[in-house]
Structure formats: C-alpha cells, structure tokens
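Here's the structure we're looking at; comments come further down.
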Amino acid sequence: MDFSAVITEWFPYLIGGIFATLGLVGSALLLGVLFGLPMAVAQVYGKRPIRFLVGIFVWFFRGLPVLVLLFLFYFGIFPGLGMDVPAFFVGATVLGLRGAAYQSQIFRGAIQSVSEGQMIAARSVGMTKLQSIQNVILPQAVRVALPGWSNEYPNILTDSSICYAIGVMELMTRTSQIVSQTYITMPIYLLCAGIFILLNYAGMRVLHQIEKKIEIPGFGTGAA
Amino acid sequence: MDNTETILRVENIHKSFGDLEVLKGVSFEVTKGETICFIGPSGTGKSTLLRCINLLTQPDQGTVWLGDKEVTNSGKNINHFRQKIGMVFQNFFLFDHLTAVRNVEVALIKVKGMNPKEAREKALYELRQVGMEEWAEHYPAELSGGQAQRVSIARALAMDPDVILFDEPTSALDPELTREVLEVMKKLAHAGMTMLVVTHEMGFACNVANRIMFMEHGEIKEQGSPDELMSETKFERCKNFIGQFNDISGD
Amino acid sequence: MDNTETILRVENIHKSFGDLEVLKGVSFEVTKGETICFIGPSGTGKSTLLRCINLLTQPDQGTVWLGDKEVTNSGKNINHFRQKIGMVFQNFFLFDHLTAVRNVEVALIKVKGMNPKEAREKALYELRQVGMEEWAEHYPAELSGGQAQRVSIARALAMDPDVILFDEPTSALDPELTREVLEVMKKLAHAGMTMLVVTHEMGFACNVANRIMFMEHGEIKEQGSPDELMSETKFERCKNFIGQFNDISGD
Amino acid sequence: MDQAEFLFQILLPVLMDGLAVTLKLIVLTAPFGLVLGILVAVGRVYGSKNISLICKGAVAFIKGTPLLLMLFILYFGLPSVGITLSAFMASLVGFVMCNGAYNSEYIRGAISSIKEGQIIAAQALGMTRMQAVRHIILPQALIRAIPGLSNEFIYLIKYSSLAYMLTVIELTGAGKMVATKYFEYTEVFVIVGAIYLLLVTITTIAVMLIERKVAVPGMTQSGRNMLDIL
Amino acid sequence: TSSEETPAPAQGDVPETTIFIVGIDGEYPPYSYIDSEGNPQGFDVESVRWIAENQGFEVKIQPMAWDGIIPALVNGKIDMVYSGLTITDERKEKVNFSIPYWVVNQSVAVQEDSGYTLDDFKNGTLVIGAQRGTTGQMWVEKNLIETGLMSKDNLKTYDNFPLVAEDLKNGRLDAAIYDKPPMLDAIAGKPIVIVGEINTGEEYGVAIRKGDVDLLNSMNEGITTLMADPYWEELKIKYEMAE
Ligand SMILES: Nc1ncnc2c1ncn2[C@@H]1O[C@H](COP(=O)(O)OP(=O)(O)OP(=O)(O)O)[C@@H](O)[C@H]1O
Ligand SMILES: Nc1ncnc2c1ncn2[C@@H]1O[C@H](COP(=O)(O)OP(=O)(O)OP(=O)(O)O)[C@@H](O)[C@H]1O
Ligand SMILES: [Mg+2]
Ligand SMILES: [Mg+2]
C-alpha cells in the first residue's frame, strides 16, 4: 500500500478524528473559562475558606496526571453520583476542570496586574465590589490574560489524546490505528503533526484576531 | 456664601495602620458651597482622611454625616453615599479599558441604572463642562495628564454629588497642565460645588478656598480663611511649612 | 567661574519623530563648572535635547562634542562617553531589583570593571554625598521619591562624569521632597560640577543657574543669566510663560 | 498473592526504578530548558530582525506540534536522515525544546512588562545593550516569570511520562508494565498519581521558597497567597 | 450500558435482547482493528458477532486504549474483552477467562543482512523489541530475563508493532518478536526476515468480569460451537491465519 492510496482511503476517518479533537478541546476551553474565571476572582477577592477551597481544587487538578483524573471520573465519580454519561462527556469535563485549574492561575495573575487604583476608583463612584469586578477589573484582566491563555490551547490539544483510555477516538488515536494497519509509520505521523500544526495555527490566528479586535491604545495585551 | 446649611460633618475620626496612628481625632464641618483646602507635610494623613469620608478606608472610630444621614455604619448603603460623595485622585485612576465618555457613563448605567442613551447625553454634557467633549472617544492612554484629570472630574460630576473630594488633583501634572485643571476646579467652586481639596498649590488655595486647614501628624493643627493665613500670627507652623518652598531661591 | 574651558559643545541638533520636527537646530556651548537650566512649555523638546546629547536618542543631524572628542558618530565608543555624561531622570529609573548601594555600584563593576570591594566603597561614598548612606540596603520600592532621586544622583556621580544631565529631577516629587533634591543639586553646583538641568523650579533656576535657556517649538528662543531674566526685556516670551504659574492666584 | 505483597514486593520496586528515570529526565531537562527559554526570549525581543523571526518561527513550530509527535519525529524519523539518538537522548532533546519554547513565552512576557526606563537608565550609565539586558532586564524578568516558569516545570513533570512511548521506562511506563501484567490498573494508577501529586507538591513548595528568597520589595506579590498552593 | 445496570424486565413482559459491550484494542490487526470507515473489524470481532447471534444476545464493539480497557471491564463499563488477550495466571486473579480459542506462536525477525539466528535470540545476546503487553514480550521476560540470560535493558517495548519494525530497520534493535500472521504484514517490503518461530504455547481467551458467570458460560458455549462450525475455517482463511 503506498502512502497516497492510504491517505485517500483513510482521510474521512482522520477528519472524524479532527472533529472529535476539536470537540474535546473546544468544550474543555469553554469549561475552563467558565470555571477558571470565577475561581480566579474568588482567589483574589474571596474570603479565606473560599480561597482555601479553590487552592485545593487547583492543587488537585494540576497535580494529578490526566489519565488518573479520567479514571477517577469515568469509573468513580460519575457512576458514584448515579450518572451514566458518555465517555466524550467525561473527557471534556476532565480536560475542562483541569483547564480551569490552570486557567484560574493565568487569570489570577492578570487580575492582580490590574492596578489597585482601578478598584478604588470604581468603588468611589458607588459601584459594589461585584460591579467593580464585572465592569472594571475583569474587562482589563481578560485582555492581559489573553496571550498566556493562548498557551492552554496546545496544552489541551496534547492532553486530548489521552481520552482514548476511556474510549474517545480523537485524531492522535486514529493516527495510531492507521499506522498499526498500514505499517507506514513516519509519513502518517508527520501528516498528523501537520494537521495539529494547522489546527494550532488556525487557533492562534483566531486568538490574534480577537486580540486585535479588543485592543485598546496604551493597554498592553502583549500581542505576539 | 448665601447658604449656611451644613452638608458634611466629620467627627473625631481615628485611624491606625498597624502601629502607626495616622489620624488622631479629626473633626470639622463643611457648609454647602464651601471649598476647603487641606495642606500639610507628606505622610500626615490627608489622603487617609479623604478616604475615610467615603469609607474607601474604614475609620477605626468617629462618624461622618452627609446632610442628616450617617455615612459611617451605613453597611451596604455605602454605595449610595459614594455616589453622593465624588472623588478625584492624584493619578486620575481612569478606567484604562474605556474611552473618556464610557468612563463617565459607566457608573450612570451600571450604578444608577440610567438608560444608555440618557447616560451618554449626560456624560457628554459633563465632558463639555470640563472642556473635554472633543476627546470623548479617546482612551485614557491617549490623553495628556491634564486631560485625563479633567475627564476624571467629569466622571465624579456625572453622579451629581453633594461634595467632591480632590486628593492632590494636580500633583502629577506639570505647571501648564496643572493650570488647565485648576481652572476647571475654580469654575466648579464659583458654581457653588462643595469641595474638599488636598493640594500643594498655595496659589489655588489662597485664591479659591473659603477655608484652609493645615494638617500635621494626623491632626488639624491650624485653620482659617486665606486672609487669616496671609496676615495673622495664627498660622505660624503653617507659614513655616510653606516657607520651605521659597527657601531655595532665597539662599 | 574661574575656568573657561568649554567642556560640551552642541551644534545644530535636528530631530524629528515621524512628521513631527521636535528639534529644529539647537546649538550651545557649556563651560566647565557651569549650571544651565532649560525651561519651556511641555512638548518643546527639552527631554529630547538632553537625550540627543548622550545619544540615548539618535539626532538626525548635528554634532555633540565632549571636550575635544566628538560624541556623535562615536559608534561602539558611545558607551565610553555615556560614562562621562551622567543622567538623572524625572522618574528616577532606579533598577527595581537592586538595593540602593547595588544600584550605584552595578555599573562600576560591570562597566568600569572595578573590583567589587572598591566599587562598594565608592558607592557608599557617593551615597554619603547625597545623604543616603543609611538607606544603602533598601530597595527602590522602600524609598520615598526624594530619597530615590538622591540615589539616582549618586548613581550618576559614581561614574565620575564630566557633565550631568537632569531631566525634570523634581517634577514627580511633592514640595518637601523637591527641596531635599534641590539642596543636593545646589551642593553639586557649588562644588563645581557641570550640570544641564531641565526644570520647572524657577526658584532653583534663578538661584543656582549660570545661564537660563528658554526653549519653545524645538528651538532655544531666549537665553541669559538669571539677572537678565529678572530685569531685562529680553526674556519677553519667557516671562509670559512663567507668568502662567502665578495667574491662578492672581485672579 | 495479597494486596500488600503486590504493593511492596512487585509494584513499588518497579515504580521506584521508574521514578529514578523520571527524576533524571526532569533534572536534566529543566536547566537546559531554562537557558534555551532565556536565549529565545532575548533573541525575540532584542535580537536582529532575522534572529527574532527565527526564534518566533521555532516557537510556533514547537508549540504547534504535540510533544508525542515531536518525540516520534526525533526518535523514529531522524534516523532516516542519518541521526540516530538513543531513546533517552531523543526524549531529552524533545523535552528541552518543548520546555524551552514555553519558557521563552513567559520570559518574553516578563521582559516586556519591565518599564523602558530601566534599559535607558542602564544605557545612560554606559552599559551596552547586551550588558543592560544581562544585568538589569533579565534579573527582573526572571523574578517576574517565576510563576509561569513553575507552571511549566509542573507540566514537565507530567509530560516526562511520554518518554515511555520511546521505550524509556519511567514512572508511568513502569506502572503500565505492571498494570498490564497483573491487571491491577486502578491500584497502580492511584499510586502513580499519588507520586506525581507528591512531586508537584514538592515543586510548588520549593517554588514558594524560591519566590520568597528572591522577592524584591515592591516588585512582585510573590509568596502573598500560600493558599493558591494548598 | 452494562447489562447488569439495565433494570430487570417487569414480570410478564417479553424480555428484550440483552446488549453486551465488547472492549477491543483498535490497533491489533488481524484480531481487532478499525477500518477506514471507522468500523471495528477483525478475526476476534467477527467471532464475537457470530457467537452473539448464536447465543441470542447483541453486542456493541467498543475500541479502547489498553490502559483503560481492564478498569472498564472491572467497573462494568464493558462486559468482556475479546481482543487477542493472552491468558496468564496473574491475570486470572483479576478476571475470568473463557476457554482458549487460539494458540499463539511467536515469530522472530532480524535484519536481512545481520546474520543473527534464532539461537542468538534464545541465548539472550541480542537487543530485542516487542509490542507492550504481548505474548512475545512476556516470553522474553520469562525465558530470557528472569533466567538471567539477558539484561532487562536489552528488551525494548513499544506502543505498537509498526514502531518495533521501524526501529529494527533503523538498527536500534537486533531482533523483534511478535505473533506470526501480523509479523508477515509488518515486514512486507522491508529488509527484514523471519528467522524462526517459538512455540510459546500461550493462548488467547476472552476476559469476563468475575462473578459474571452466565456470560462466561454462554461465551464458552459460543466459542465451542464456533470452533466446530465451518465459519471458523472461513475466518481463518479470510484473515490469513491458517497454519
Ligand atoms: N493602606 C495603608 N497601609 C499602611 N499604611 C498606610 C496605608 N495608607 C497610608 N498609610 C500610611 O499612613 C500615613 C499617612 O498617609 P497619607 O497618604 O494619608 O498621607 P498624606 O498626608 O496624604 O501624604 P502625601 O502628601 O504624601 O500624599 C503614611 O505614613 C502612610 O505610609
Ligand atoms: N520616542 C518618541 N516617538 C515619537 N514622539 C516622541 C518621542 N519622544 C518624544 N516625542 C515627541 O516629541 C515632542 C517633544 O518631546 P519632549 O519629551 O522632548 O518634550 P519636553 O520639552 O521634554 O516636554 P515635557 O516638559 O512634557 O517633558 C513631544 O511632542 C513628544 O510627544
Ligand atoms: Mg496623599
Ligand atoms: Mg520632558
């Protein structure tokens, strides 16, 4: 079997893998923001017990390997809650919560980089603490966080392949499957690398566009 | 001053940071329409005093009254009082991610719940008052210091405050820009706004203030009208302090 | 001045940023031991002129001579000249990660190749000159503005410069701290250091400067001794400019 | 065979061998990764246009390629162009490249957060640009980059497990071998997970101590929030 | 998803057909793999489908990474692993195995011009590559490493056999050991030759959760029936596995 014939035959299958990968990465990123941002806020402005809880969460999810987390949720936590959820859902949840742990630290740094005066000024016009955070602190922090946040995308992309351990077949897994049948190794792995680089490049372009769009004069978004 | 109604009453404010007692029982009253200037050495507690008035810093002891309502111990209600007590800072503290007009209107919309169209109109009106209407769509980083300070005054004005507190509003500005801002403040004073101003600008204090308070070591040491400051013996320590500014040229 | 040797010669400096012509041919000479003050409105090119002298900004045209050596076009050698031309900035620009004494000695060690022990001694000596020896082990963030500025002067002095350029050394400071710094500068001037000072402190300029240069729109418009400034008609535009500072109190 | 016997006689000895390899990988990667990160970051910010572009491209390429694929290319791909690295070397090279690329991003960010005045002041004292970068900018940038760099170090601990795919039997690999043989997946991975958690915890505490040691008053808020670790 | 978790049919109702989930390795041709349409295929896959029909239940095939497949079985996410799984005593402590359905013989391959022989291999003088978790790996461990003939560093294990073949070609390995039928596929067109076979006598079986006795019985019955059926020979021919 020569390479081009192999590719023609398997391309649709690979495309399916791309979608699975993007699905995992997309939902994980989304979850990561949805949980990570409030956690960051809680860690900066929250009361001691809340900060402590967030600290534990971050320690746990940053400390354990993804595979262990996947097992824990797939075999332990979800069944324990009496929930029978599909593997894809578990994968996205685990990557998302793990992402939230990392992202909360990125956002925390960004929030702390917003100068104290901004909060003082917001309170002085009568905004509540929550209003100040919403209207003044976060809009600025998010802009600061964007470049660092963009690192999360390739990270999750890499981790997504571990989800095969619970049966989600994304791009990397499908690549291995093709290799195991066609016995063509390097060209197929390189093709896969190419696809990943493209995905990453596309993601970076989108982020860059966003950065450009929300760019504010004199406000360092540190656009690469 | 044709109106002698007391609008702000500060009673026996104490504040310590750790071991450092910064305010040692400060009391005074402000009549509607008055302009009061606070002067005194660095680290004396002037900024801390202003912040205690709208509870941006929580005083350890003492009360603040706005009209006939107590500001201290107002609990959640403090945000209401903060709308009534505007504040202008040395470093402007404009919201860096918002244009000039959005800086002015954001609190109108989010705090007062004004509808966006009205808020925009009011914001533009206030910007016009400080001569900044043309710069409405510029971001803070695109404004000079004097312009930024004028926007921050417009932001305070937009809330229709009863009193505005100014904490060294010009000390980050060079002389020419200082002049722009002082002009705006003078206009406000003449228009009857009640203002408390911490400043090193003796010219402004002497010319515009109804009363000057000299603070040192967390207390109001001396106070009186500018004329008294100029003529009487009362302001001994204060004159000594002011004297330093001129020393260097009188060597 | 008992020494009339020309130490610095600036000839026909031009500088544009994009379309904006900031310096339009500035020339002057400085005699050893002289103190020259530059005054003038904001944006006139005073800072740019100082930076062109030690090539922190590259002039588009014109030459600078230190003694009998050309500074412009010195290529790699510029680092040698920069040691001879000290500079003190408005915002001090102390190295944030180094203590006061390390700030002073770092260039001695890394640039002059002095051994650390000698460098430490010299650094402490210079700190003593500006009254900051006790603060040697403090970090910039732990110093007041006046203290930071004095350390930055010590840092410049440590290189044994022929000339020191001061760019608004006190404009970030409040009056009391300003005084500390001006005192140190006055002492330097009296000790015979050659200094070029951009300042808004008219008191200092009139009292300490040998010559005052009034700059506007990228040119030296008027110049002369402080006495001439006070008395003659020559400084017409300049007096007009200075007048503004007093306007507000003379309403 | 009971659980204790399995744990102490079979699993732990194998895991300890694996852990030794993991530690060797990490300890060798980290310093090179840091140096590479510094060089690339400085190249990007202060290098000539070409150097800057090369650094940028290399970072984009490395960040874009999943590490596992990068390792495959280094180990299985390079022999076809005549470069045969041992599995350990290939892993090391891959990790250093990856670690270096990410580190460079944090350092670059930290460099650009330093006020321009710092380099101007250094130049005004007669330092060359490179002297200013070395003695003034980098020390400050590195202090600020510590949180990011430590994040990356934690990633390194975890992704060092990919060396297993190149036949280097490190901690995860050792665990997997035992697990496949005895079908004791859950137990094995709980213990492997606990060891990683321990490594990460030690790292975070070490980082905290380092941050406190290098803390400069007014420059960072380091050590402020012990709670973000525990 | 597991049969046990579906509630027992109410009395009097006609019981629906139970669905069993079969875990397979998607990278283990010819026993189990994924075709280019994404469907599970292979000798084992077709076997289990036939058995299911024969025994009157339904199967759903679930490809999974080895790391997760046994935990999934033990935790009830899948009901059996039917995917070229070697029966060993250690494994029997954790799961039940069906009767063996296949005896595996290992073949040994070396580089064409290396001159290595099967004896070199058995003497432990070569650097040997094997796929992780396969009979080949276990044979080398048991017969060469545990007997002290060979250092354990000389056995390299890989994620899949194509990588083993790649490294044999690259010269990092002296020899490779693997099941014969897939070995033939893997070395086709490469400068690699098979120098001999080893009768390991090890057997493949279906892994089933302990306690799931009914399923074990019906699988045993099914396998016995299948192996007696002409379809068995058809399968062997189709997958080029006839001896
Ligand atoms: N949040 C704080 N924590 C600890 N100390 C503080 C805090 N805020 C102010 N201080 C200290 O309180 C003292 C008074 O400060 P304050 O800013 O009120 O003085 P000031 O009169 O406004 O001086 P300046 O003219 O320099 O602005 C100073 O010594 C200052 O260091
Ligand atoms: N690097 C630069 N790029 C573009 N424009 C610049 C740059 N540096 C200075 N300028 C512009 O050159 C003009 C002169 O600036 P300069 O700082 O020399 O004025 P100045 O007389 O020192 O004013 P000030 O009293 O405000 O310090 C200003 O309009 C400024 O915006
Ligand atoms: Mg103050
Ligand atoms: Mg200037």
Side-chain angles (χ1 to χ4, degrees), chain D residues 1-3 5-6 9-11 13-14 17-18 20-21 68-69 71-91 161-193, chain E residues 23 25 64-75 77 81 85-97 127-135 137-138 141-142 145-146 152-160 162-173 176 207-210:
Chain D
M1 181 181 51
D2 65 10
Q3 284 296 2
E5 191 188 331
F6 172 73
Q9 314 233 313
I10 295 169
L11 183 55
V14 177
D17 287 352
V21 177
L68 179 57
L69 286 174
L71 293 178
F72 277 170
I73 293 168
L74 286 170
Y75 185 69
F76 295 111
L78 284 188
S80 63
V81 294
I83 305 170
T84 306
L85 298 172
S86 76
F88 189 83
M89 266 315 277
S91 312
S161 68
L162 288 179
Y164 170 62
M165 300 300 274
L166 304 191
T167 77
V168 178
I169 309 299
E170 43 58 71
L171 182 56
T172 300
K176 282 186 183 181
M177 301 280 259
V178 177
T180 355
K181 188 162 176 192
Y182 295 93
F183 276 7
E184 289 274 15
Y185 284 87
T186 322
E187 292 83 343
V188 168
F189 282 112
V190 163
I191 300 209
V192 168
Chain E
D25 178 355
M64 275 189 142
W66 270 117
D67 293 336
I69 211 161
I70 298 303
L73 176 65
V74 173
N75 286 282
K77 293 278 178 189
V81 179
L85 186 59
T86 306
I87 304 171
T88 69
D89 289 341
E90 290 97 340
R91 290 172 173 181
K92 273 184 185 163
E93 295 200 8
K94 295 289 144 195
V95 296
N96 282 336
F97 278 98
V127 177
I128 300 169
Q131 179 178 340
R132 253 192 299 278
T134 56
T135 318
Q137 180 201 342
M138 293 179 195
E141 280 178 351
K142 201 171 208 156
I145 296 176
E146 282 167 22
K152 87 174 194 290
D153 295 337
N154 281 352
L155 172 64
K156 310 276 184 204
T157 59
Y158 295 75
D159 208 47
N160 54 42
L163 294 179
V164 182
E166 187 78 21
D167 245 8
L168 185 58
K169 197 186 79 187
N170 283 338
R172 288 198 185 94
L173 298 175
I208 293 164
R209 197 164 32 251
K210 291 230 162 178

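Lettering of chains follows the sequences in order, A, B, ..., and the numbering in each one begins at 1. Hydrogens, waters and symmetry mates are skipped; everything else that's a heavy atom, side chains included, is used.
When heavy atoms are compared at a cutoff of 4.5 Å, D:Lys176 approaches chain E solely by way of its side chain, counted from C-beta outward. Neither the backbone nor the side chain of E:Leu73 comes within less than 4.5 Å of any heavy atom of chain D. Contact annotation for D:Ile169: only side-chain heavy atoms (C-beta onward) come within less than 4.5 Å of a heavy atom of chain E. Contacts of E:Val95 with chain D are made by side-chain atoms alone, with heavy-atom separations under 4.5 Å and no backbone atom involved.
Here the side chains of D:Phe72 and E:Asp159 are not in contact, with every heavy-atom distance at 4.5 Å or above. Here the side chains of E:Lys152 and D:Asp17 are in contact, with some heavy-atom distance below 4.5 Å. Side-chain contact between E:Gln137 and D:Met177 is present, with heavy atoms from C-beta onward closer than 4.5 Å.
Counting non-hydrogen atoms of neighbouring residues, nucleotides and ligands closer than 6.0 angstrom, the NZ atom of E:Lys142 reaches no more than 12 such neighbours.
Atoms NZ and OG1, from D:Lys181 and E:Thr88 in turn, are 8.5 Å apart once rounded to the nearest 0.5 Å.
Looking at E:Met138, E:Arg91, E:Glu90 one by one, the single match for side chain to side chain contact (heavy atoms under 4.5 Å, CB included) with D:Thr180 turns out to be E:Arg91.
Of all the heavy atoms in D:Phe76 and E:Asn170, the pair that sits closest is O-ND2, 3.6 Å. Between E:Lys94 and D:Tyr182 the shortest heavy-atom distance is CG-O, 3.3 Å. Closest approach of D:Tyr185 and E:Asp67 over heavy atoms only: CD2-O, 3.2 Å.
Between the side chains of E:Asp167 and D:Tyr75, a donor-acceptor pair is found at a separation under 3.5 Å.
Under the 3.5 Å distance criterion, the side-chain polar atoms of E:Arg132 are left unmatched by any main-chain donor or acceptor of D:Thr167.
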